[in-house]
Amino acid sequence: MARQSHNVEKNAVLELVVGVLLILVLFALSLAIFANAMTKPLGRDEHMYCTAGALMSQGKLIYRDFTYVAQLPYHPLLLGAIYKVFDTTRYLLAGRLVCVICDILTMLCIVLVFRRAFKGHRIYVSLFGMCGALLYVYNPVVDYANGYAWNNDVVVFCVILSVFLFGNIEPDKKSRFWYSAAIGVLLTMATFMRMTTIVVEGLFLIMLLALPAGRIAGRIKNALPFLVVSLILSIWPIWIIVQSPRAFIVGAFRIHMLNSQWLQQIGMVFEKTQMGIALLTQPGYFLLLIAFGFILVAVITNSLKHKMPNLLIAVLPALIATFYFILAFGLPTIWRQYLAPPVPFIIIALAYPLSFLRETAAKQGRRLLYIVGVVLFSMATLVAMAFGPNNLDRIAMLGNSAQWTPMQVHSISKDIAAKVGESKLILTAAPLYAIEGGCKIYPEFSAGIFPYRIGELLTDKERTFSHTVGPKGIGVLVEKSPPAAVLVGIEPSQFKFLEEPFRAVPKEDWKSKTYGNGLTLYYKP
């Protein structure tokens with residue numbers, strides 16, 4: 001009895017130590033996520049996302065009043081609401097903080113899924129959850145893609161939180177209806193941020209219908225709250241689209257496709273196979289896939305003798321990860337960030353299989369498959385940390401907030417406004433620098449450089465109702481509404497020719513100032 005009591009106390013101490021370690025690791029990783037977002041250089045896409053949010057906070061409507069490319073209305077609505085509520089013009093900082101919060105919550109969802117899978121085994125929860133969080137934050141592609149003020153981080157969080165909520169559904173309890181409704185809210189919001197998420201929403205609907213509920217009427221009843229809230233939340237974005245259907249079609253599809261073709265023509269598009277191999281064979285990513293493959297085979301082998309519990313919740317994240325892989329390679333062009341969304345779902349897809357292998361190993365007395373799976377999972381974590389980003393250096397940079405990218409952008413914006421005057425019109429393909437300082441922009445450049453690149457490929461009518469202009473139209477644009485300043489230097493050297501029509505606008509008596517990041521402002525004396 002004394003020995004048993006000693007073992008219980010020893011386990012309690014070990015659980016406490018490992019639990020505290022998990023909390024410390026999660027805190028350090030949260031700092032790393034924040035540091036990543038604050039130290040990333042300004043991305044081109046961020047001009048469009050932040051500007052759309054700012055214009056919506058001013059009462060303007062997406063599509064009808066300004067250009068928005070390839071995406072749907074709920075993300076600019078989210079940013080616009082945040083800008084309005086907090087009464088801030090620090091648009092980039094607020095946009096990136098939204099992503100930081102979503103990334104931290106995504107990491108916590110990973111831990112919570114492992115907690116659900118290893119319910120009652122606190123040491124396993126802490127150790128496996130810690131590895132899952134480390135694999136997420138240290139994944140090289142996730143590190144590259146996350147932290148920008150765009151819709152990627154929010155969409156991934158909505159989907160992974162939906163997976164966690166689905167795993168908490170108990171078919172015999174009334175709470176299942178609230179979970180179903182909450183999943184509908186999250187996925188409809190995500191779908192009307194990034195339209196490809198509609199496939200994931202459809203997958204969840206199938207899973208809700210597949211929950212044990214006796215007759216078909218019971219299954220439909222489980223999915224009904226999901227369907228009702230999805231329909232309700234679809235009303236506003238559909239109404240927005242109906243206001244300007246032609247502008248929506250041009251912005252969401254035509255401009256996006258023409259940009260892809262333009263990039264292919266100039267040789268800027270990566271070859272899919274080569275790009276995929278380069279990304280998937282990065283050490284941190286490669287070993288994660290190896291661990292996933294082995295554990296999947298081990299589970300199938302064990303399932304021949306023992307039925308796996310929680311099969312739906314075990315299969316769901318694997319299906320989502322598969323969809324994101326198919327999407328990444330199925331789009332006309334593949335970019336590095338496209339292989340980031342599958343990562344958190346690959347990680348949580350390991351939770352229930354690892355728990356199943358542990359339980360079957362205990363019953364059968366054969367622990368080889370489980371041990372190998374744990375070793376691969378642990379090795380993937382260690383390799384990801386060894387070859388991943390240097391988060392310690394980034395965290396150290398947080399001490400100097402003046403060097404944070406959002407702070408630098410805001411400082412330049414305020415300096416521009418001081419020289420030009422607030423509410424003055426600025427011609428630039430980098431609208432964020434203008435609006436953060438309180439200046440005005442041309443609606444034709446609300447989405448940055450993307451519509452401008454292919455503006456000449458659109459018809460006159462398409463350019464008119466989609467608020468788009470090409471290089472040849474700059475002269476007419478500034479003749480109608482002369483700018484008080486011109487900001488150039490946004491494009492890299494290979495695209496410098498795109499800004500030549502901008503450089504022709506300033507007069508000889510205009511003053512100029514060049515900033516440290518290569519931007520040059522020409523303004524009236």
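Basis for what follows: all heavy atoms, side chains included, without hydrogens, waters or symmetry-related copies.
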Under 3.5 Å, side chain of Q282 to main-chain N/O of P140, donor-acceptor pair present? no
Return yes if some donor-acceptor pair links the side-chain N/O of R219 with the main-chain N/O of L211 below 3.5 Å, else return no. yes
Is there a donor-acceptor pair under 3.5 Å between the side chain of T428 and the backbone N or O of P431? no
Please determine whether the number of non-hydrogen atoms from other residues, nucleotides or ligands lying under 6.0 Å from atom CG of L227 exceeds 12. yes
Are E436 and T89 close enough that a side-chain donor and a side-chain acceptor fall under 3.5 Å? no
Note: L92 and E46 closest approach over all heavy atoms is CD1-OE2, 3.3 Å
Which distance, rounded to the nearest 0.5 Å, do you find between the CG of L477 and the CG of L427? 7.0 Å
Looking at I426, V420, V478, which one forms a side chain to side chain contact (heavy atoms under 4.5 Å, CB included) with P483? V478
Give, for atom CD1 of I101 and atom OG1 of T106, the distance between the pair rounded to the nearest 0.5 Å. 11.5 Å
Passes side chain to side chain contact (heavy atoms under 4.5 Å, CB included), Q71 versus H256? Steps please. CA-CA 10 Å; Q71 306 300 338; H256 178 63; over 6 Å; no
Angle class for the Y433/H47 ring planes (parallel below 30°, perpendicular above 60°, tilted otherwise)? tilted
Report yes if some heavy atom in the side chain of I347 is under 4.5 Å from a heavy atom in the side chain of F292; otherwise report no. no
Taking it one step at a time, do Y83 and Y91 satisfy ring-ring contact (aromatic ring centres under 6.0 Å, His included)? CA-CA 7 Å; Y83 298 156; Y91 302 128; 4.6 Å; yes
Locate the shortest heavy-atom distance separating N139 from V142; write the atom from each residue and the value. OD1-N, 3.1 Å
Would you name the heavy atoms of T468 and G455 that are closest together and state the gap between them? CG2-CA, 4.2 Å
Min side-chain heavy-atom separation L187-F226 under 4.5 Å: yes
Can you tell me how far apart CD1 (I183) and CG (L208) are? Round to the nearest 0.5 Å. 5.5 Å
Has T67 got a side-chain atom pairing as donor or acceptor with E444's backbone, closer than 3.5 angstrom? no
From L161 atom CG to L186 atom CG, the distance as rounded to the nearest 0.5 Å: 5.0 Å
Worked check of side chain to side chain contact (heavy atoms under 4.5 Å, CB included) between L26 and M107: CA-CA 8 Å; L26 292 179; M107 177 183 68; 4.0 Å; yes
Looking only at heavy atoms, what is the nearest atom pair of R96 and K40, with distance? NH1-O, 3.0 Å
So how far is it from I169 CD1 to I313 CD1, rounded to the nearest 0.5 Å? 8.5 Å
Salt-bridge test for E170 and R176: reply yes if a basic N is under 4.0 Å from a carboxylate O, no otherwise. no
When rounded to the nearest 0.5 angstrom, what is the spacing between OG in S244 and CG in L61? 7.5 Å
Within a strict 4.5 Å, meaning less than it, do heavy atoms of the Y285 and P342 side chains meet? yes
Where do N259 and P451 come nearest, in terms of heavy atoms and distance? ND2-N, 4.4 Å
Quick one, L55 and S446 - any side-chain contact, counting heavy atoms below 4.5 Å? yes
Whether the S230 and E201 side chains hold a donor-acceptor pair (N or O, under 3.5 Å, no angle test) is what I'd like checked. yes
So, applying ring-ring contact (aromatic ring centres under 6.0 Å, His included) with Y63, which one of F465, F248, W239 is it? F248
Worked check of side chain to side chain contact (heavy atoms under 4.5 Å, CB included) between L289 and L280: CA-CA 8 Å; L289 293 175; L280 297 177; 4.0 Å; yes
Carboxylate-amine/guanidinium contact K440 E422, below 4.0 Å: no
Do any N or O atoms from the side chain of D153 and from the backbone of G147 form a donor-acceptor pair under 3.5 angstrom? yes
pair S481-Y442: side-chain heavy atoms closer than 4.5 Å: yes
Between T197 and R194, is there a donor-acceptor pair closer than 3.5 Å when you use the side chain of the first and the backbone of the second? yes
Could you tell me whether the side chain of V199 reaches within less than 4.5 Å of the side chain of L203, counting heavy atoms only? no
Does the side chain of L29 come within less than 4.5 Å of Y138's, by heavy atoms? yes
Indicate whether the side chain of Y515 and that of D415 have a donor and an acceptor atom separated by less than 3.5 Å. yes
Does a donor on one side chain and an acceptor on the other come within less than 3.5 Å for N152 and N146? yes
Do other residues, nucleotides or ligands put more than 12 heavy atoms under 6.0 Å from K414 NZ? yes
Side-chain donor or acceptor of N151 paired with backbone N/O of M193 under 3.5 Å: yes
ring-ring contact (aromatic ring centres under 6.0 Å, His included) assessment of F445 paired with Y452: CA-CA 7 Å; F445 290 100; Y452 172 73; 5.5 Å; yes
Do side-chain atoms of T188 reach the backbone of V185 as a donor and acceptor pair under 3.5 angstrom? no
Between F192 and W236, does the ring-ring contact (aromatic ring centres under 6.0 Å, His included) criterion hold? Intermediate values first, please. CA-CA 10 Å; F192 281 101; W236 181 80; 9.1 Å; no
Looking at every non-hydrogen atom in both residues, tell me the closest pair between N36 and R394 and how far apart they are. OD1-NH1, 3.3 Å
So W262 and F495, would you call those rings parallel, tilted or perpendicular, with 30° and 60° as cut-offs? tilted
List the steps and the verdict of side chain to side chain contact (heavy atoms under 4.5 Å, CB included) for R116 and V113. CA-CA 5 Å; R116 181 75 181 176; V113 170; 5.6 Å; no
Whether S411 side chain and Q408 backbone form a donor-acceptor pair below 3.5 Å: no
Can you confirm whether F166 sits close enough to F204 that some side-chain heavy atom of one is under 4.5 Å from a side-chain heavy atom of the other? yes
